[in-house]
2 protein chains.
Amino acid sequence: MTGVPNSKQTAANPAPERRRALLATAAEVFAAQGYDATTVRRIADEAGLLAGSLYYHFDSKESMLDEILSGFLDELWAGYDTVLAAGLAPRETLEALVTESFREIDRHRFAVAIYQKESHHLADRPRFAYLAESRRRFERAWLGTLERGVAQRAFRADLDARLTYRFLRDTVWVAASWYRPGGAHAPEEIARQYLSMVLDGIAVRE
Amino acid sequence: MTGVPNSKQTAANPAPERRRALLATAAEVFAAQGYDATTVRRIADEAGLLAGSLYYHFDSKESMLDEILSGFLDELWAGYDTVLAAGLAPRETLEALVTESFREIDRHRFAVAIYQKESHHLADRPRFAYLAESRRRFERAWLGTLERGVAQRAFRADLDARLTYRFLRDTVWVAASWYRPGGAHAPEEIARQYLSMVLDGIAVRE
DNA sequence: CCTTCCCTAACAAGTGTTTGGTAGGTTAAC
DNA sequence: GTTAACCTACCAAACACTTGTTAGGGAAGG
């Protein structure tokens, strides 16, 4: 080895911009084709260098995936924790969580798409154990909010809470598969309409 | 080639049970690991034979995937067409489509999971062009029902129809990722609660 | 003997990854 | 102010391995 290359996740690398750019194109290809279907050579092509050169910046294909996913989850939980620490009422908490989620989709749509497709079968591997942990925290936050809302008579009590949680969770995150930044609706507008539908229903009230 | 093996999609093969059993295990592995991440040897292991032996029944890994997906879509559209031909009102049509969808998930949950994960990047290849066509028919059926419902004042007019369509579509189908047959809720019960939530909302009415 | 169904053994192509080298810029020594 | 050393970011070429697939053979049953 010639120089002293990457030291991942630390702070002050001299040129982290190249890393981030490479990760961005990797994320785009991963999201489009799936992680396993994506070859290192394809990523290199898209980024304008040769396959082996990627290993100057990263020490494996898997570590690229790792960095993409953990980076996204770190930012996501920063946002969520702010919301959860605000001590809002259940309905307002739900609204804030949904809005924050759509903002994250806006910023990390490729990472979200990858997370959706791959997290389930990655969570087994020790390296990606944080995916399962994140999933548990996620469920606690959302399901807890729903149950508090039911107890305070803000949400209906005649629905299965777990079922409701899954519907909420899934519909929010699958939006990453069709969302395009700069499209007809900003994330906040999507969140608003989504909340309106989920909270009040799509049927006309009598 | 030794004998006269498979003639796909035709009717009366002498022993199609073995085929279907092999396809079932293939579908399960595809759904769990993803198509590209799944090796032919893994499927063979799970089915209790060697990799090469699979090629007596199928002529490629891709044709297994093809048969799984097209088989599912054929059954799905048989159900949908029955509903659409019944001439129901928009709200009843929506209810019937949702219920039928959850029944299909109950019967083809692995195929649905595969469809969710892979259809997007498969639709390009000529062999899987029917995926894109099915997607178009799907949108026409659901979006049309929604728009008819808005016109007849059964559904709210202040929501973006395409957004509503995507929310409906996605939440219905991602259910395949967590649904387990023989679980707490039968497909019809899931459909009932889902429709209740989507039509009337989860908030308590004042 | 023929058909069905599978195994053994191999193939070529593609995979992630490593090694050694090098062009070009920056820094340090004299 | 030239020269030497060094670092960054890449390329070229190969590595060991896995992949989907094929060819030929064989056991079992009718």
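Naming: A, B, ... by sequence-line order, numbering from 1 per chain.
The 12-atom threshold is not exceeded at CZ of B/R20, counting heavy atoms of other residues, nucleotides or ligands nearer than 6.0 Å.
Nucleic acid contact class of B/T39 (heavy atoms, under 4.0 Å, all strands): sugar-phosphate only.
Here the closest non-hydrogen pair linking A/T93 and A/V83 is O-CG1, 4.1 Å. Closest of all the heavy-atom pairs between B/D66 and B/F128 is CA-CE2, 3.7 Å. The minimum heavy-atom distance linking A/D160 with B/Q193 is given by the pair N-OE1, 2.9 Å. The shortest non-hydrogen separation linking B/F72 to B/A111 is CB-CB, 3.6 Å.
With A/W142 as the aromatic partner, A/R169 does not meet the cation-pi criteria of under 6.0 angstrom to the ring centre and within 45 degrees of the ring axis.
Taken residue by residue, residues 40-49 of chain B places heavy atoms nearer than 4.0 Å to DNA chain D at B/V40, B/R41.
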Secondary-structure string, 5' to 3', Watson-Crick or G-U under 3.5 Å, | for another-strand partners, for DNA chain C: ||||||||||||||||||||||||||||||

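Spacing between atom CG of A/D36 and atom P of C/dG16 amounts to 9 Å, rounded to whole angstrom units. The separation between A/L54 atom CG and C/dT18 atom C1' is 14 Å, rounded to whole Å. Whole-Å rounding puts the B/L50 CG to C/dC7 C1' distance at 6 Å. For A/L22 and D/dT8, the CG to P distance is 16 Å, given to the nearest whole Å.
Taking only side-chain nitrogens and oxygens, B/H57 never comes nearer than 4.0 Å to OP1 or OP2 of C/dT4.
Side chain of B/K117 to main chain of B/Q33: no donor-acceptor pair is present (N/O by atom type, distance under 3.5 Å, no hydrogens or angles).
Ring to ring, A/F102 and A/Y179 are not that close: their centroids are 6.0 angstrom or more apart. Aromatic ring centres of B/F167 and A/Y194: separated by under 6.0 Å.
Each of D/dC11, D/dC10, C/dT18 was ranked by its minimum atom distance to the side chain of A/Y55; first place goes to C/dT18. Side-chain proximity of A/A51 to D/dA9, C/dT17, C/dC6: nearest is C/dT17. The side chain of A/K61 approaches C/dT17 more closely than any other nucleotide in the set C/dT17, C/dC7, D/dA9.
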